[in-house]
Amino acid sequence: MTIKIAIDGPAGAGKSTVAKKLANLLNFTYIDTGAMYRAITYKVIKEGIDLKEEDKIAEIAKNSSITLEGEKIFLDGKDVSYEIRRPEVSEKVSYVSKIKKVREILVEKQRAIAEGKNVVMDGRDIATVVLPDAQFKFFLTASLAERAKRRYNELKSKNLQIDYLKVLEDIKNRDKMDSQRKESPLKHTDESIVIDTTYLSEQQVLDKLYNIVKEGL
Ligand code: C5P
């Protein structure tokens, strides 16, 4: 039997950092599903496709090769790990991720990647849709201001030019779109362990998750 750990939550709640470290500690595969939606969005922008052209966008999702290697993401064989974090991708990704067909295609890819492996997968719909049988379901959240601050610091550390208020606005918009969309909106399940990380350090969150998993294994 393989172990699946689902980590969901809004933008900037610290999911990916903690998910990566947890996967390392447990020697599990880390799967960043947000990076997959970002990669498709990056291609949509690059090819100049209008966000209203949902069928064309779904075609792109269907015909693109997306591979994850540790923290890196490859789109059609090219490393796009840096490009997908750009603000223009963040601004548009929620328009792409609300398209039903795009979600169906990416969910299928995500399940295929997780098949037969022990994984830590992070996203918005992992416990609800992608891996409903996951043995561990976490939902990380934090105040809007704290999440914007974290995302701002993260982008700055990656040398991306960005304004704090713009980050705050982007996170607010994405939260709204991701939570209110018809297809697989961001929410937790009844079994999810909800953790408010506003006043917790990264290490404290990691310890919490690690201890819960270790006890439950
Ligand atoms: O996790 P990250 O902030 O990189 O995700 C980018 C966007 O991808 C989210 O704002 C959301 O619109 C979409 N997403 C999603 N479902 C997932 C993961 C991400 O809709 N499982």
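Numbering of ligands and ligand atoms starts at 1, following listing order. The shown structure was predicted, so the numbers you read here are calculated from the model rather than taken from an experiment.
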Shortest protein contact, atom 21 (N) of ligand 1 (heavy atom only): D125 OD1, 2.8 Å
Residue and atom name of the nearest protein heavy atom (relative to atom 6 (C) of ligand 1), distance in Å to one decimal: R174 NH1, 3.4 Å
Ion pair D32/R85, N-O distance below 4.0 Å: yes
Per-atom contacts, ligand 1 versus S97 - under 4.0 Å to a heavy atom: 11 (C), 12 (O), 13 (C), 20 (O)
Donor-acceptor pair, side chain of Q204 and main chain of S201, under 3.5 angstrom: yes
Student check: side-chain heavy atoms of E83 and V80 closer than 4.5 Å: yes
Heavy-atom nearest neighbour in the protein, as seen from atom 2 (P) of ligand 1, with distance rounded to 0.1 Å: R124 NH2, 3.6 Å
Salt-bridge contact R124-D178 (side-chain N to carboxylate O under 4.0 Å): yes
Salt-bridge present (D125, R103; N to O < 4.0 Å): yes
Carboxylate-amine/guanidinium contact E59 K56, below 4.0 Å: no
N or O contact, Y37 vs ligand 1, cut-off under 3.5 Å: no
Pick from R103, R38, Q110: the one approaching atom 20 (O) of ligand 1 most closely through a non-hydrogen atom: R103
For ligand 1, the portion of R181 having any non-hydrogen atom under 4.0 Å away: side chain
For atom 19 (C) of ligand 1, the protein heavy atom that lies nearest, with its residue and separation: G34 CA, 3.5 Å
Neighbour count >12 (heavy atoms, 6.0 Å) for atom NZ, K208: no
Carboxylate-amine/guanidinium proximity below 4.0 Å for K166 and E169: no
For atom 11 (C) of ligand 1, closest protein heavy-atom neighbour: D178 OD2, 3.2 Å
Numbered atoms and elements of ligand 1 in range of R85, under 4.0 angstrom, heavy atoms: 4 (O)
Identity and separation of the nearest protein heavy atom to atom 18 (C) of ligand 1: T33 OG1, 3.3 Å
Heteroatom proximity flag, K15 to ligand 1, N/O under 3.5 Å: no
